[in-house]
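Inspection log for the structure reproduced underneath, given as structure tokens.
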There are 2 protein chains.
Amino acid sequence: MLDRLNFRMTPQRKVILEELRKVNTHPSADEIYAMVRRRLPRISLGTVYRNLEILAENGQIQKLELGSSLKRFDGVAENHYHIRCIRCDRVVDAPVDFDPALDQKLKNISDFDIIGHRLEFIGICPACRKQAPSE
Amino acid sequence: MLDRLNFRMTPQRKVILEELRKVNTHPSADEIYAMVRRRLPRISLGTVYRNLEILAENGQIQKLELGSSLKRFDGVAENHYHIRCIRCDRVVDAPVDFDPALDQKLKNISDFDIIGHRLEFIGICPACRKQAPSE
DNA sequence: CTAGCTGCAAAATCTTTGCAAATGC
DNA sequence: GCATTTGCAAAGATTTTGCAGCTAG
């Protein structure tokens with residue numbers, strides 16, 4: 001994932017980045033829109049979406065829900081992990097054991113009651129690797 | 001999260017569950033709709049959504065994209081983990097170190113090229129716990 | 001019986017996109 | 001100067017919901 005070549009720092013993009021770095025609440029696009037609008041009343045939601053996409057692509061911010069926007073379902077109810085192909089978005093089960101001990105790590109240092117965790121590996125599947133090995 | 005009291009096993013629900021357990025492709029709601037429709041041509045998309053929701057609530061299947069349906073953004077680009085409150089959907093950073101060694105576990109046993117991973121803890125935040133300590 | 005479920009269709013929610021004008025670099 | 005970006009508005013995609021009739025238990 002290479003950086004954009006001509007990455008222009010517009011006021012809109014700058015404010016979005018600044019506002020996002022001010023908080024630790026992991027806001028949604030719409031919440032970011034509201035925050036930014038206090039400083040740039042004429043900005044549009046579309047611009048916010050476009051910039052979040054670009055900033056994430058550039059590694060300056062993170063998108064928390066990865067993959068496509070649609071939910072996926074798994075017929076196996078037991079706890080297990082997944083691997084998602086970053087190219088085709090296919091999801092397969094990860095061949096590693098579920099580790100319940102992970103939750104313990106947080107039990108005493110977080111003020112949340114920890115119920116469980118979800119782990120997703122990100123990678124490139126054999127089919128996609130074959131299509132474009134490098135790049 | 002308690003189980004439904006009167007959980008009725010309708011043909012639709014049964015077929016959805018069967019079809020989902022047949023595959024290991026982690027289909028989206030729409031793909032499940034297509035699969036189920038081969039056996040129940042008159043089923044509606046709405047029924048599929050409703051049943052997936054209920055089955056997941058009952059622990060018979062898993063929803064992979066947890067939390068709300070909207071994407072969330074993080075101003076911190078470095079790798080780190082999150083905790084999500086299952087009640088209010090708030091997301092905070094998890095006070096544990098990122099563990100790059102996790103990826104290694106898969107390096108030789110998976111046919112994917114592993115690029116990274118994403119870990120999200122699920123819990124109940126202090127504010128929500130206060131509101132409804134038990135239940 | 002009757003609470004729970006269904007199909008249908010409309011609505012709601014979230015995100016992307018086409019376009020002409022504006023603007024960083 | 002010109003490729004990129006913007007605001008606006010419309011379209012797309014996904015999910016939820018109201019309702020009247022149906023049905024499993």
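Chain A is the first sequence line, chain B the second, and so forth, proteins listed ahead of strands; every chain is numbered from 1. Because the structure is predicted, anything quoted here is derived from the model rather than measured.
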Touch class at under 4.0 angstrom, heavy-atom based, for A/L45 against every strand present: base
Residue B/R42, side-chain heavy atoms: nucleotide from D/dG7, D/dT15, C/dG7 that is nearest: C/dG7
Contact nearer the 5' end of DNA chain D, comparing A/P11 with B/E53: A/P11
Any B/T47 side-chain nitrogen or oxygen under 4.0 Å from OP1 or OP2 of C/dG7: yes
Touch class at under 4.0 angstrom, heavy-atom based, for A/D30 against every strand present: nothing
Under-4.0 Å salt bridge between A/R84 and A/E120: yes
Nearest-nucleotide comparison on DNA chain D, the residue closer to the 5′ end among A/P41 and B/M9: A/P41
Closest to side chain of A/K71, choosing from C/dC25, D/dT16, C/dG7: D/dT16
Residue whose nearest DNA chain C nucleotide is more 5′ - B/I43 or A/A29: B/I43
Side chain of A/R50 - closest among C/dC19, C/dT6, D/dT16: C/dC19
Phosphate-side-chain proximity, A/Y49 and C/dT15, N/O vs OP1/OP2 below 4.0 Å: yes
B/S44 side chain near C/dA9 phosphate (N/O to OP1/OP2, under 4.0 Å): no
Ring centroid separation A/F98 to A/Y81 under 6.0 Å: yes
Salt bridge A/K22-A/E19, side-chain N to carboxylate O under 4.0 Å: yes
Given C/dC5, D/dT6, D/dG25, the nucleotide with the shortest approach to the side chain of B/R13: C/dC5
Cation-pi geometry met for A/R13 and A/F7 (6.0 Å, 45°): yes
Spacing between B/R8 atom CZ and D/dG25 atom P, to the nearest angstrom: 7 Å
Out of C/dT6, D/dT5, D/dT15, whichever nucleotide has its closest atom nearest the side chain of B/T10: C/dT6
Linked, directly or transitively: A/F73 and B/M35 (ILVMFWY side chains, under 4.5 Å): no
Phosphate OP1/OP2 of D/dT23 contacted by B/Q12 side-chain N/O (<4.0 Å): no
Value in whole Å for how far the P atom of C/dG24 lies from CD1 of A/I54: 15 Å
